[in-house]
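These notes concern the structure reproduced below.
Both counts, for ligands and for their atoms, begin at 1 and track the order of listing. Heavy atoms only: backbone and side chains are in, while hydrogens, waters and symmetry mates are out.
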Amino acid sequence: MRKVSAAIACGLLVAAGLAGCGGDSGNDDGKITMGFAQVGAESGWRTANTKDIQEAAKAAGIELKFSDAQQKQENQIKAIRSYIAQKVDIIAFSPVVESGWDQVLKEAKDAEIPVILTDRAVDSQDTSLYETFIGSDFVLEGKKAGEWLVADAKAAPGPVNVIQLEGNTGSAPANDRKAGFAEAIKADPKIKIVASQDAEFTRAKGKEVMEALFKAHPEANVLYAHNDDMGLGAIEAIEAAGKKPGVDIKIITVDAVKDGMTALADGKINFIVECSPLLGNQLMDLAKQVLDGKEVPKRVLTEETTFTQEQAKAALPDRKY
Ligand code: GYE
């Protein structure tokens, strides 16, 4: 086990000209233990993210304690508390929702265990409660989705009526993808969101909610889903209603996991905004830097692109997740 305080003390000794802290400043057993509190296993994105984190920890020689919160904040808080009790060296987690973290983050801080936010943000005012936040710009993702629709709607003869399937209520990607999209579609008053509902980022809920919303809004001709999985579930509902996904109802999703990209290449989805789940290597690097007492940027952004149907066909053979 090692502590940041030890790393800092070591830094002071080096600054004072005293040698001998070794490469792994201040550790007692040389091994880093990371407690990772994952959101759940709700989507293809999440499965790829978990696998990537587990593989990256192994490659970096970091011992990983892993927990799955089944999309419940209380489970994640419990997991974090248990990592504190186990005196792990560092905690990383992907917060299910944005609010309600201050107390448990203070407990980690008091125990001198640094915290890295992966993938999703918290809304804590006190940013000293975590070292850094690594992940995507979800507002930008929503904007890219909306901008595609604005461009596509130029050719539309009549109203563009959108059903929106939202990710979990209160989660950073749901909040931000909704806001970015709303901002972008302001450019064309012809585009209206006729219904918008939480479908929990899962395929099953995507199908169920789309069934209900489409029944209530048969005038809908666009679906914007905050992730591929909800979009894929909705495709089943659209087909069951006797409509053609990608043609009668244009579909825009976020993530670009393999199943989503396959549906895009097959013409059932029209546009996907990429969100990369491959955060593992960067996370392990940041953890090592933090534990070595080095300054790390407060925000580390993931780079990502977008895919049309043609681009999906070209990218699919090399898609890793
Ligand atoms: O888009 C969705 C997953 O937080 C970026 O969570 C992540 C989102 C991702 O369930 O598929």
Item to complete: Output, in order, the C-alpha distance, side-chain angles, deciding distance and verdict of salt bridge (Lys or Arg N to Asp or Glu O under 4.0 Å) for K268 and E239.
Response: CA-CA 10 Å; K268 294 189 174 188; E239 284 174 338; 2.8 Å; yes
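Close to ligand 1: R177, with a non-hydrogen atom less than 4.0 angstrom away. Look at V254 and you'll find every heavy atom at least 4.0 Å from all atoms of ligand 1. The shortest heavy-atom distance from D119 to ligand 1 is under 4.0 Å.
A cation-pi arrangement is not found for K243 relative to F214, the charged atom failing to lie both closer than 6.0 Å to the ring centre and inside a 45° cone about the ring normal. Geometrically, R177 does not engage F181 in a cation-pi contact, judged by NZ or CZ lying under 6.0 Å from the ring centre and within 45° of the ring axis.
Annotation for ligand 1: atoms under 4.0 Å from non-hydrogen atoms of F138 are 5 (C). Distances below 4.0 Å separate heavy atoms of N227 from the following atoms of ligand 1: 2 (C), 11 (O). Of all atoms in ligand 1, numbered sequentially from 1 with element shown, those under 4.0 Å from a heavy atom of C275 are 5 (C). Near S43, the atoms of ligand 1 lying under 4.0 angstrom from a non-hydrogen atom of the residue are 2 (C), 3 (C), 10 (O), 11 (O). For ligand 1, the atoms sitting less than 4.0 Å from at least one non-hydrogen atom of F201 are 2 (C), 10 (O), numbered in the order shown with element in parentheses. Below 4.0 Å from some heavy atom of P173 lie the following atoms of ligand 1, by number and element: 4 (O). Atom numbering of ligand 1 starts at 1 in the shown order; those under 4.0 Å from a heavy atom of E42 are 3 (C), 6 (O), 10 (O).
Side-chain contact check for E141 and H226: no donor-acceptor pair (N or O, by modelled atom type) lies under 3.5 Å.
For F93 and W101, the ring centers are positioned less than 6.0 Å apart.
Given atom 9 (C) of ligand 1, the protein heavy atom at minimum distance is D255 OD1, 3.5 Å.
Between R120 and ligand 1, a contact under 3.5 Å exists for at least one N or O pair.
With contacts defined as side-chain heavy-atom distances shorter than 4.5 Å, the pair S136/L301 does not qualify. Inter-residue side-chain proximity for I238 and D248 is flagged as unmet; no heavy-atom pair is nearer than 4.5 Å.
A salt bridge links R81 with E107: at least one charged nitrogen is closer than 4.0 Å to a carboxylate oxygen.
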